[in-house]
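First comes the structure, then the notes that go with it.
Side chains are part of it too, since the values below use all heavy atoms of this structure and drop only hydrogens, waters and symmetry mates. Worth saying up front: this structure is predicted, and the values here are computed from it rather than measured.
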Amino acid sequence: MAIRITGTGSYIPSIVEKNEDFYNHQFLNADGTSIDSPNEIIVKKFEAITGIQERRYVNEKQLNSDIAFIAATKAIEDAGIDKESLDYIIVAHNYGDIKYNTEQSDTVPSIASRVKHLLQIKNPKCVGYDLLFGCPGWIEGVIQANAFITAGIAKRCLVIGSETLSRVIDKHDRDSMIYSDGAGAVIIEKNDEKGGILAHETATYALDEAHFIFFGETNNPEITDQRRYIKMYGRKIYEFALSNVPMALKSCLEKSGKSITDVKKILIHQANEKMDEAIVKRFYKLYQMKMPQGIMPMSINRLGNSSVATVPTLLDIILKDQLENQEINKGDIIMLASVGAGMNINAIVYQY
């Protein structure tokens, strides 16, 4: 018996925002002063660091709950299950539903309840709740689903990671180019096959790290409204991730009883290509090994950073043969990992 992912689904928005589209933006420093570089240079430096060439945004009519519903529908269809058999709907997000060109986030009812409504599930014992855990939220949702099933509280769960970060970006902040929209979903259940979730690890660092990612004012001092935008201390996050994520990966792998040489893929939160590569290299260095080529699939170059949606979306497009030169085969040991606001870190060792 194993607790396994039996279906996956994702939604990649249709609006493509390329790096060149930022050439006409007015980027400002945090103190409101002008940046002493032309936008073309700013954008080129940004691409060299993050690996992002383009990102996806939802259209003006779409909400976070809408795209979560689309990804959920695909996962349910892929698993071939009756939606009424779901015991839990767990939706990881951070900013709720935010209508286009508005200031207020809407989280009541929960996004999970909205998804259940859109799915038209009648079963009242199908419980829906939201999970706010920064970018690692979807992986944490999978860990919680695993716990529910292990404890006998549930048999089948739907776990979704969905976000519309385009609604909370400050267009005068260079970091706004990182963020994107998207949704990914999986069905988690117990079945007779081997493998599945072998081990997991979670940690929260909040002494000095709690406000590395926060909601703050626009960089433009001429804007006097009360809106707040997603902000971060990029250098502090980079240093934190490199210091802590490799050790979390090692701890999780040791719990699983598997060897580093067994790992075929590491699906890490698509936050920043250079940072992710440095994390995985440092992880392998803990075993006196070099990072194997092709071990770390990346989608950030065309999808950007959609927070909780990056890992489930990446998993889905690999399983659906939509990522060039990447595949996951039966029996493969993979690792899922993320780092984000909290500051939270988590990881899963999984056997397909």
For residues 65-83, the side chain to side chain donor-acceptor pair (under 3.5 Å) pairs (sequence neighbours left out) are Ser65-Asp97
Ignoring hydrogens and angles, state whether a donor on the side chain of Asn191 or Thr6 is under 3.5 Å from an acceptor on the partner side chain. no
So side chain to side chain donor-acceptor pair (under 3.5 Å) across residues 288-297, not counting sequence neighbours, yields none
Under a 4.5 Å side-chain heavy-atom rule over Ile, Leu, Val, Met, Phe, Trp and Tyr, are Ile334 and Ile3 clustered together?
yes
Does Met232 belong to the same Ile/Leu/Val/Met/Phe/Trp/Tyr cluster as Ile169, with side-chain heavy atoms less than 4.5 Å apart forming each link?
yes
Aromatic rings Tyr129 and Phe148: how do their planes relate, parallel, tilted or perpendicular, breaks at 30° and 60°? perpendicular
Note to self: What I want to find out is whether Arg4 reaches Glu189 closely enough, with some N-O distance under 4.0 Å, to be called a salt bridge.
What the structure shows: no
Self-check item: hydrophobic_cluster_shared for Tyr352 and Trp138, side chain cutoff 4.5 Å
Solution: yes
So the side chain to side chain donor-acceptor pair (under 3.5 Å) pairs with at least one residue in residues 174-184 (sequence neighbours excluded) are Asn29-Arg174, Ser166-Asp181
Sequence neighbours excluded, the answer for side chain to side chain donor-acceptor pair (under 3.5 Å) partners of Asp170 is Thr218, Lys231
Residues, nucleotides or ligands: over 12 heavy atoms within 6.0 Å of Glu254 CD:
yes
Side chains of Lys258 and Gln351: does their closest heavy-atom pair fall under 4.5 Å?
yes
Residues passing the side chain to side chain donor-acceptor pair (under 3.5 Å) test with Glu273, sequence neighbours excluded, are none
Closest heavy-atom pair, Ala185 versus Ala75, reported as atoms and distance to 0.1 Å, is O-CB, 3.7 Å
Donor-acceptor pair between Thr164 and Asn64 side chains, under 3.5 angstrom: no
_Less than 3.5 Å apart, any donor N or O on the side chain of Thr8 or Asp316 sitting next to an acceptor on the other?_
yes
With side chains defined as the heavy atoms from C-beta onward, is the minimum distance between Ile279 and Ile266 less than 4.5 Å? no
Report task. Check whether the side chains of Thr204 and Asn344 place a donor and an acceptor atom closer than 3.5 Å, and report yes or no. Result -> yes
With sequence neighbours left out, the residues meeting ring pair (Phe, Tyr, Trp, His ring centres under 6.0 Å) with Tyr95 are Phe215
Smallest heavy-atom separation, Gly137 atom then Ala92 atom, equals C-CB, 3.3 Å
Heavy atoms of His93 and Glu163 approach each other most closely as C-OE1, 3.5 Å
* His211 atom NE2, neighbour heavy-atom count above 12 within 6.0 Å -> no
The remaining residues in the hydrophobic cluster of Ile89, counting side-chain heavy-atom contacts under 4.5 Å among Ile, Leu, Val, Met, Phe, Trp and Tyr, are Tyr11, Val58, Ile67, Phe69, Ile70, Ile76, Ile81, Leu86, Val91, Ile111, Val115, Leu118, Leu119, Ile121, Leu158, Ile160, Ile187
Shortest non-hydrogen pair, Asn220 vs Leu28, comes out as CA-CD1, 3.6 Å
- Task: Before accepting this row, confirm whether a basic side-chain N of the pair Arg302/Glu54 lies closer than 4.0 Å to the acidic partner's carboxylate O.
- Result: no
_Take a 6.0 Å sphere around CG of Asp31 and say whether it holds more than 12 heavy atoms from other residues, nucleotides or ligands._
yes
Hey, what's the ring geometry for Phe27 with Phe22, parallel, tilted or perpendicular (30° and 60° as the breaks)?
parallel
Joining Ile, Leu, Val, Met, Phe, Trp and Tyr whenever any side-chain heavy atoms lie under 4.5 Å apart, the cluster holding Ile41 also takes in none
Across all chains, not counting sequence neighbours, the ring pair (Phe, Tyr, Trp, His ring centres under 6.0 Å) partners of Tyr23 are none
Residue set satisfying ring pair (Phe, Tyr, Trp, His ring centres under 6.0 Å) with Tyr229, at least two apart, ordered chain then number -> none
*Does one hydrophobic cluster hold both Ile295 and Ile318, with members joined at side-chain heavy-atom distances below 4.5 Å?*
no
Run the side chain to side chain contact (heavy atoms under 4.5 Å, CB included) test on Leu131 and Glu140 for me, step by step, so that the C-alpha distance in whole Å, both residues' side-chain angles and the decisive distance to 0.1 Å come before the verdict.
CA-CA 8 Å; Leu131 177 58; Glu140 199 63 21; 3.9 Å; yes
Closest non-hydrogen atoms of Pro297 and Leu323, given as atom of the first, atom of the second and distance, are CB-CD2, 3.9 Å
Interatomic distance, CD1@Ile178 vs CD1@Ile230, rounded to 0.5 Å, equals 9.0 Å
Are Thr310 and Ile300 close enough, and set up right, to give a side chain to side chain contact (heavy atoms under 4.5 Å, CB included), and what steps lead you there? CA-CA 8 Å; Thr310 67; Ile300 194 171; over 6 Å; no
Could you check whether any side-chain N or O of Glu239 sits under 3.5 Å from a backbone N or O of Ile237, counting only pairs where one atom can act as donor and the other as acceptor? no
*asked:* Tell me if the NZ atom of Lys255 is crowded by more than 12 foreign heavy atoms within 6.0 Å.
replied: yes
Sequence neighbours excluded, the answer for side-chain contact (heavy atoms from CB on, under 4.5 Å) partners of Glu327 is Asn329
Sequence neighbours excluded, the answer for ring pair (Phe, Tyr, Trp, His ring centres under 6.0 Å) partners of Phe214 is Tyr233
Notebook entry, point to check: Crowded around Lys285 NZ? As in, over 12 foreign heavy atoms under 6.0 Å?
Noted result: no
Here the pair of heavy atoms bringing Lys116 nearest to Cys126 is NZ-O, 2.8 Å
(request) Give a yes or no on whether Leu132 and Met343 share a hydrophobic cluster (residues Ile, Leu, Val, Met, Phe, Trp, Tyr; joining criterion: side-chain heavy atoms under 4.5 Å apart). (result) no
Note to self: Can you tell whether the side chains of Lys44 and Glu40 come within less than 4.0 Å, N to carboxylate O?
What the structure shows: no
### Task
For Glu217, look at atom CD and say whether over 12 heavy atoms of other residues, nucleotides or ligands are found less than 6.0 Å away.
no
